[in-house]
Amino acid sequence: MRNSASVFRSVQLVAFWLAVVLPLVLLGLIAVGVNGTWLPLFLSLLALNAVALALGHGYGQ
């Protein structure tokens with residue numbers, strides 16, 4: 001039981017920091033211009049950010 005809690009805590013840690021860093025990457029993509037070439041990457045990172053926000057939400061509480 002302790003091992004699964006440790007794994008969840010690690011996933012939550014990584015998700016929290018992804019949720020912190022990914023908006024900077026998204027802003028960089030917006031700065032260079034999201035055209036047809038970059039649009040799939042932008043949308044994928046945006047979805048990943050939403051998942052990271054959900055998973056990392058309770059970190060540090």
Side-chain angles (χ1 to χ4, degrees):
M1 204 49 127
R2 180 159 157 63
N3 192 25
S4 64
S6 176
V7 169
F8 177 73
R9 185 81 171 147
S10 297
V11 168
Q12 199 174 32
L13 168 75
V14 171
F16 173 81
W17 284 108
L18 268 176
V20 170
V21 173
L22 278 176
L24 301 174
V25 175
L26 291 170
L27 283 174
L29 282 174
I30 290 171
V32 298
V34 179
N35 57 19
T37 305
W38 294 104
L39 187 60
L41 175 63
F42 179 79
L43 294 175
S44 298
L45 289 176
L46 193 62
L48 179 61
N49 193 26
V51 170
L53 281 168
L55 289 176
H57 177 69
Y59 178 73
Q61 292 181 357

Locate the shortest heavy-atom distance separating [X] from [Y]; write the atom from each residue and the value.
X: Gln12; Y: Tyr59; result: NE2-N, 3.4 Å
X: Gly56; Y: Ala15; result: N-CB, 3.6 Å
X: Asn49; Y: Pro23; result: ND2-CG, 3.8 Å

- Query: Donor-acceptor pair, Asn3 side chain versus Ser6 backbone, under 3.5 Å?
  - Reply: no
Answer with yes or no whether the hydrophobic clustering places [X] together with [Y]; edges join I, L, V, M, F, W, Y residues whose side-chain heavy atoms lie under 4.5 Å apart.
X: Leu46; Y: Leu41; value: yes
X: Val11; Y: Leu18; value: no
X: Val51; Y: Val20; value: no
X: Leu45; Y: Val34; value: yes
X: Val14; Y: Phe16; value: no

- Roughly how far, to the nearest 0.5 Å, is the CG atom of Leu43 from the CG atom of Leu48? 12.5 Å
- Task: Output the distance between atom CG (Leu24) and atom CG (Leu29), rounded to the nearest 0.5 Å.
- Result: 11.5 Å
